[in-house]
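Here's the structure we're looking at; comments come further down.
In what follows, every heavy atom counts, from backbone to side chain, and hydrogens, waters and symmetry copies are set aside. Note on naming: letters A, B, ... go to the chains in the order of the sequence lines (proteins, then strands), and numbering restarts at 1 for each one.
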2 protein chains.
Amino acid sequence: MARRSDHTREEIKAMAIAVGRNLIQENGLPGFSARKVALGIGYTVGTLYNVFENHDDIVLHINAVTLEDLLAYMEKRLGDDDQESHASDLDVLKGLAACYIDYARENYNCWSALFEHNLSPEAPLPVWYGERIDALFGFIEARLKPVVGKDEAEARQTARVLWASIHGICALTLTNKLTLVGVETVEGLTDSLIENYVAGLKSR
Amino acid sequence: MARRSDHTREEIKAMAIAVGRNLIQENGLPGFSARKVALGIGYTVGTLYNVFENHDDIVLHINAVTLEDLLAYMEKRLGDDDQESHASDLDVLKGLAACYIDYARENYNCWSALFEHNLSPEAPLPVWYGERIDALFGFIEARLKPVVGKDEAEARQTARVLWASIHGICALTLTNKLTLVGVETVEGLTDSLIENYVAGLKSR
DNA sequence: ACCTGAACACCGTTCAAGT
DNA sequence: ACCTGAACACCGTTCAAGT
């Protein structure tokens, strides 16, 4: 057993988040438990509850890391370069969608934990968690600039509509809640969404 | 304790589903447990495992009832009457989205259990469960007829894109994963989706 | 001050033994 | 044949007692 002062409070927190994220990665959210985390970091559950509020608090911290990881993944793959490239507006958006779908596929368990875990709707979302979500939308909104005007409010709304729609298609498909037949693919669906939604925007 | 032959296998199944759905309705999926269900129907867990395969199997049966309930809700509210009414194509779709959002709000716990519960992606979805999903899409596709042509494959895909997108907006918003500011509302987002997507479809 | 260890009230799942 | 009851290996959460 670890002796006191072996690690700071922050170190224990970081170790727990890393071990917990690993558990989810390997076996999904149902494979996660505070007791397994405690075992994995060499402390007892009591210590874990000294550092975290409760079960939800740990999962929220793990999901926040996944959100950061997703943003880093998108920044790395989409970078700033096609800002100056010759990619069309449509291709930029399709690339964004494809990137999200790839991340969800490659990190299925961590990605699905993002949505299998919900606080009761009255419970306030911690501000630090909301900031991770906002950071993601900031990135998306920036790439939408060429498509929407520079009307702030409209860019915000358009980014949210497109992103939520892409997520909906991705989520229902990957979780087998939307059976695809014949030539249908996730990318085919998101392409249809983007092509027609953007055509609609531009025709106004 | 209930004596043998008090209820048929099918009766026990139906009782368990009803009690289990009630548990979810009251306290969400985390408030559900096989042991509570057993207590509620007056049998022991052993009997429950005689009738159901496992935990997932019970939840799947409960969710199937929710899918039926959702379809009945939409049929009742949207009926067949605006088929002959003067509602525009856009209004029909907006009504469909509004109906889904209302159901999700009014039945939040049962609705969110639909998506908090996932089988491992390799596990095959039971056919009887797939049928409930298909029945839902059948209803949606029928109302899309005026908007899309009568190309079967295209109607299928369009229905899936629109429905999944509406679901994505609804899901992220109701679970606090998409913060709305100012004048934004769920309905505002789905309206934007529908208006622009349909305008795009018609401009081709 | 920090951490343990045990306790409490739960879980899902299995299966020998009763009727 | 059907159901029970107990067992097994787990959970989240709390907190007195140790160092």
Roughly, in whole Å, what's the span from [atom1] in [X] to [atom2] in [N]?
X: B:D6; N: D:dC2; atom1: CG; atom2: C1'; result: 11 Å
X: A:D57; N: D:dG12; atom1: CG; atom2: P; result: 14 Å
X: B:D56; N: C:dC11; atom1: CG; atom2: C1'; result: 15 Å
X: B:R9; N: D:dC2; atom1: CZ; atom2: C1'; result: 11 Å
X: A:L39; N: D:dA9; atom1: CG; atom2: P; result: 16 Å
X: A:I58; N: D:dT13; atom1: CD1; atom2: P; result: 8 Å

Quick one: salt bridge (Lys or Arg N to Asp or Glu O under 4.0 Å) pairs with a partner in [range], sequence neighbours left out?
range: residues 58-67 of chain A; result: none
range: residues 45-65 of chain A; result: none
range: residues 155-175 of chain A; result: A:E141-A:R160, A:R156-B:E184

Any residue meeting salt bridge (charged side-chain N to carboxylate O under 4.0 Å, His left out) with [X], in chain and number order, not counting sequence neighbours:
X: B:E154; result: B:R204
X: A:D191; result: none
X: B:K94; result: B:E195
X: B:R105; result: B:E187

Quiz item: In residues 10-38 of chain A, which ones come under 4.0 Å of DNA chain D, going by heavy atoms?
Solution: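 Correct list: A:S33, A:A34, A:R35, A:K36.
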Exercise. Decide whether B:N107 and B:Y73 meet the rule of one side-chain donor and one side-chain acceptor closer than 3.5 Å.
Key: no
Exercise. Let me see the working for B:N109 and B:E26 under side-chain hydrogen bond (donor to acceptor under 3.5 Å, both in side chains), right down to the final yes or no.
Key: CA-CA 7 Å; B:N109 284 335; B:E26 298 303 325; over 6 Å; no
Quiz item: Could you give all pairs that pass the side chain to side chain donor-acceptor pair (under 3.5 Å) test and reach residues 119-138 of chain B, with sequence neighbours left out?
Solution: B:E68-B:R132
Practice problem: Kindly state each residue pair satisfying side chain to side chain donor-acceptor pair (under 3.5 Å) with at least one member in residues 162-171 of chain A, sequence neighbours excluded. | Solution: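 Residue pairs passing side chain to side chain donor-acceptor pair (under 3.5 Å), neighbours aside: A:Y100-A:H167.
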Exercise. Return the residues of residues 46-54 of chain A meeting this criterion: a heavy atom under 4.0 Å from some atom of DNA chain C. Order them by number, or give none.
Key: A:G46, A:T47
Quiz item: Which stems does DNA chain C form, counting runs of 3 or more consecutive Watson-Crick or G-U wobble pairs with both distances under 3.5 Å?
Solution: C:4-8 with D:12-16, C:12-16 with D:4-8
Quiz item: If the P atom of C:dA9 is compared with that of D:dA9, how far apart are they to the nearest Å?
Solution: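 The same atom, P, in both gives a distance of 22 Å.
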